[in-house]
Amino acid sequence: MRFEELRLMEPLLSAVRSEGYRELTPIQEKAIPYVLEGRDVLGCAQTGTGKTAAFALPVLQRLSQARGGKPAARSIRTLVLSPTRELAQQIHDSFATYGRNTRIRQTVVYGGVTQSRQVTALREGVDVLVATPGRLLDLMGQALVSLAHVEILILDEADRMLDMGFLPPIRKILAAVPRRRQTLMFSATMPGPIRKLAADILR
């Protein structure tokens, strides 16, 4: 299937064409239509199979279509949780690339660096925040970020996050986001703890 066969808006298709994408990968073909419909999705795909585009493209479209002004101060419309700063940066770069023809605002936060620039970026509110769980909890503890307006929650590389001991932080973050939301969960493997987490948070 080609990207033109999806119900993606032209600004996203233009960005996709600029990147040289033509054919959808299996995870993109299966996930994108459901995400566009607002459904919760559990996707299993290895790294390098295009799963970032499988959630970033439809999320950018949903945010663009529903946009009613800039986000509230210190608020987030879409939260993407990632296990490492390297992956978080890659996901943020993908959102920026695919969304370059839209007005969607995004930023990334992770530990190991000073938080001042991250706090400045968050102060006005963002449409998409990509974050590692530890740094996000730090910012929440300082009342520098609010998850009360999250419309879409995405857990990427969920199995790696559990392997790295991030389940307790994830549970704390889940308790802070609205129960009424769209939830997307992507993992390379489906061990028992991942299936249990999916059963708890997906509708």
Side-chain angles (χ1 to χ4, degrees), residues 1-8 11-37 39-63 78-102 104 106-113 127-136 152-167 169-170 182-195 197-198 201-202:
M1 179 183 286
R2 297 174 67 85
F3 280 93
E4 287 76 9
E5 298 177 61
L6 296 173
R7 294 179 290 113
L8 292 175
L12 297 178
L13 288 175
S14 176
V16 165
R17 286 192 291 265
S18 296
E19 293 302 302
Y21 299 169
R22 295 293 180 266
E23 301 287 334
L24 284 90
T25 66
I27 189 64
Q28 292 167 355
E29 184 173 346
K30 292 177 179 178
I32 289 176
Y34 289 118
V35 181
L36 285 173
E37 291 175 4
R39 303 272 294 274
D40 284 7
V41 171
L42 172 61
C44 185
Q46 296 294 328
T47 301
T49 55
K51 60 183 172 60
T52 302
F55 61 78
L57 288 168
V59 164
L60 285 165
Q61 176 146 320
R62 286 180 56 77
L63 291 173
T78 295
L79 173 62
V80 186
L81 293 178
S82 170
T84 67
R85 60 183 290 181
E86 292 79 13
L87 183 57
Q89 186 64 59
Q90 291 173 22
I91 295 170
H92 170 263
D93 291 346
S94 293
F95 268 96
T97 296
Y98 304 143
R100 62 175 175 256
N101 300 320
T102 72
I104 299 301
Q106 60 259 322
T107 195
V108 59
V109 300
Y110 46 72
V113 296
D127 295 295
V128 179
L129 172 65
V130 184
T132 54
R135 174 50 59 94
L136 179 59
I152 304 172
L153 173 66
I154 304 168
L155 278 67
D156 193 24
E157 300 284 355
D159 51 352
R160 288 182 63 189
M161 283 198 280
L162 266 62
D163 287 344
M164 295 171 68
F166 283 133
L167 184 56
I170 288 172
Q182 181 180 15
T183 306
L184 313 176
M185 188 170 165
F186 289 84
S187 183
T189 61
M190 287 292 164
I194 291 294
R195 292 195 295 271
L197 181 62
I201 69 173
L202 299 178

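Note: hydrogens, waters and symmetry copies are ignored here, and every other heavy atom, side chains too, is used.
- Counting only heavy atoms from C-beta outward, the side chains of Ile194 and Met185 approach each other to under 4.5 Å.
- At distances below 3.5 Å, at least one donor-acceptor pair connects side-chain atoms of Arg100 with backbone N or O atoms of Thr97.
- Note: Leu12 CG to Arg17 CZ = 10.5 Å, rounded to the nearest 0.5 Å.
- Tyr110 and Gln89 get closest at one heavy-atom pair: OH-OE1, 3.3 Å.
- With values rounded to the nearest 0.5 angstrom, Phe186 atom CZ is found 8.5 Å from Leu42 atom CG.
- Between the side chain of Gln61 and the main chain of Arg7, a donor-acceptor pair closer than 3.5 Å is present.
- Of all heavy-atom pairs spanning Leu162 and Pro193, the tightest one is CD2-CB, 3.5 Å.
- Taking CG from Leu63 and OG1 from Thr102, the interatomic distance works out to 8.5 Å, rounded to the nearest 0.5 Å.
- Distance check: Leu155 CG to Met161 CE gives 4.0 Å after rounding to the nearest 0.5 Å.
- No side-chain donor-acceptor contact under 3.5 Å links Glu19 to the backbone of Val16.
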Verdict with supporting geometry, Phe95 and Val59, side-chain contact (heavy atoms from CB on, under 4.5 Å) | CA-CA 9 Å; Phe95 268 96; Val59 164; 4.1 Å; yes

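- Closest heavy-atom contact between Ser82 and Ala88: OG-N, 3.3 Å.
- A donor-acceptor pair is defined here as one N or O able to donate and one able to accept, closer than 3.5 Å; such a pair exists between the side chain of Thr84 and the backbone of Leu87.
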Working for side-chain contact (heavy atoms from CB on, under 4.5 Å), residues Met1 and Leu6 | CA-CA 9 Å; Met1 179 183 286; Leu6 296 173; 3.9 Å; yes

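- Between the side chain of Arg85 and the main chain of Thr132, no donor-acceptor pair closer than 3.5 Å is present.
- The only member of Leu136, Ile154, Asp156 that meets side chain to side chain contact (heavy atoms under 4.5 Å, CB included) when paired with Leu81 is Leu136.
- Open room surrounds CZ on Arg39; 12 or fewer heavy atoms of other groups in view lie less than 6.0 Å from it.
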Mind running side-chain contact (heavy atoms from CB on, under 4.5 Å) on Phe55 and Ile91 for me, showing each step along the way?
-> CA-CA 10 Å; Phe55 61 78; Ile91 295 170; 4.2 Å; yes

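- No donor-acceptor pair under 3.5 Å is formed between the side chain of Gln182 and the backbone N or O of Asp40.
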Stepwise side-chain contact (heavy atoms from CB on, under 4.5 Å) test for Gln90 and Thr52 | CA-CA 9 Å; Gln90 291 173 22; Thr52 302; over 6 Å; no

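- Taking CG of Leu60 as the reference point, atom CG of Leu8 lies at 10.0 Å (rounded to 0.5 Å).
- Atom CD of Gln28 is separated from atom CG of Leu57 by 7.5 Å, given to the nearest 0.5 angstrom.
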